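To keep things clear, I will list the structure first and then write my remarks on it.
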Amino acid sequence: MLRIAVLVSGGGTNLEAILKAVESGEIPDTEVVGVISNNKGAYALERAKNHGIDGFAISPKDFESRDDFHAALLDKLEELAPDLIVLAGCLIKIPDEMIRRYRRRIINIHPALIPAFSGPGFYGLHVHEAVLERGVKITGATVHFVDEVVDGGEIIAQKAVEVKEGDTPEKLQKRVMEEAEWVILPAVIGDIARGVIHIG
Ligand code: GRF
């Protein structure tokens with residue numbers, strides 16, 4: 001049984017896609033052992049609750065220092081003992097200590113075709129604003145391993161999405177989520193659960 005912990009910050013649509021895929025069996029032999037959010041108000045925590053999954057709000061605001069926040073996050077992960085950590089709309093910078101402890105066992109979904117439109121500052125709507133600004137005709141999403149370089153880890157899967165005439169950042173974000181993110185993230189986790197993709 002693959003144990004996964006999901007880190008979130010916002011709406012949790014990628015978390016929802018994962019939970020539905022686990023429940024349907026698209027992702028076999030897998031248990032989501034916990035959802036951790038740095039943002040107490042994240043709707044993703046509501047989604048976890050609706051699916052009967054333990055949710056934990058671990059906010060930097062509740063700690064004296066960043067180091068204390070990182071220690072609390074690592075302690076929670078120690079307690080959950082996941083085989084795989086999934087960053088699904090997670091906006092915190094992952095501490096190097098966590099990357100060391102979970103080398104090649106942390107994956108992230110990025111809403112562009114890395115290396116395009118990636119790296120510091122490229123998150124959420126900013127990505128799609130930059131895509132439209134540059135005028136590219138194809139964008140998409142990427143699942144990659146997380147290492148010390150922001151969005152720089154080994155690429156696992158990508159899926160292309162057409163940019164359409166009249167797209168706004170919001171419309172493009174929705175299409176990238178529906179046609180790419182919610183497809184490749186569950187697919188990669190399923191392949192990890194089946195042993196097709198090796199972690200660690
Ligand atoms: C999505 O664009 C995702 O690619 C990025 O965070 C955004 C919010 O995702 N990582 P979610 O709805 O919270 O899953």
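Model, not experiment: these values are computed from the prediction. All ligand and atom numbering here is 1-based and tracks the order in the structure.
In this structure, the protein non-hydrogen atom closest to atom 4 (O) of ligand 1 is E181 OE1, 2.7 Å. Atom 9 (O) of ligand 1 has as its closest protein heavy atom N14 ND2, 3.6 Å.
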List, one per line, each side-chain donor-acceptor pair under 3.5 Å for residues 61-68, sequence neighbours excluded.
| from | atom 1 | to | atom 2 | distance (Å) |
| --- | --- | --- | --- | --- |
| D62 | OD1 | K40 | NZ | 3.1 |
| D62 | OD2 | K40 | NZ | 3.0 |
| S65 | OG | D67 | N | 3.4 |
| S65 | OG | D68 | N | 3.0 |
| S65 | OG | D68 | OD1 | 3.4 |

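Close approach to G89 involves these atoms of ligand 1, each under 4.0 Å from a residue heavy atom: 5 (C), 6 (O), 9 (O), 10 (N). The contact set between ligand 1 and Q173, taken as ligand atoms under 4.0 Å from a residue heavy atom, comprises 2 (O). Within the listing of ligand 1, atoms 1 (C), 2 (O), 8 (C), 9 (O), 12 (O) sit less than 4.0 angstrom from a heavy atom of M177.
Each of I156 and M177 belongs to its own hydrophobic cluster when Ile, Leu, Val, Met, Phe, Trp and Tyr are linked at side-chain heavy-atom distances under 4.5 angstrom.
A salt bridge is absent between E178 and R175; no separation between the charged side-chain nitrogens and carboxylate oxygens falls under 4.0 Å.
With respect to V163, the side-chain contact (heavy atoms from CB on, under 4.5 Å) criterion is satisfied by exactly one of L132, V176, I138: L132.
Judged by the shortest distance from any of its heavy atoms, G12 lies inside the 4.0 Å radius around the atoms of ligand 1. For I109, the heavy-atom gap to ligand 1 drops under 4.0 angstrom.
With rounding to the nearest 0.5 angstrom, the OH atom of Y102 is 10.0 Å from the CG atom of D83.
Of the options T13, T142, L91, V127, the smallest heavy-atom separation from atom 12 (O) of ligand 1 is shown by T13.
Side-chain contact check for L87 versus I109: every heavy-atom pair is 4.5 Å or farther apart.
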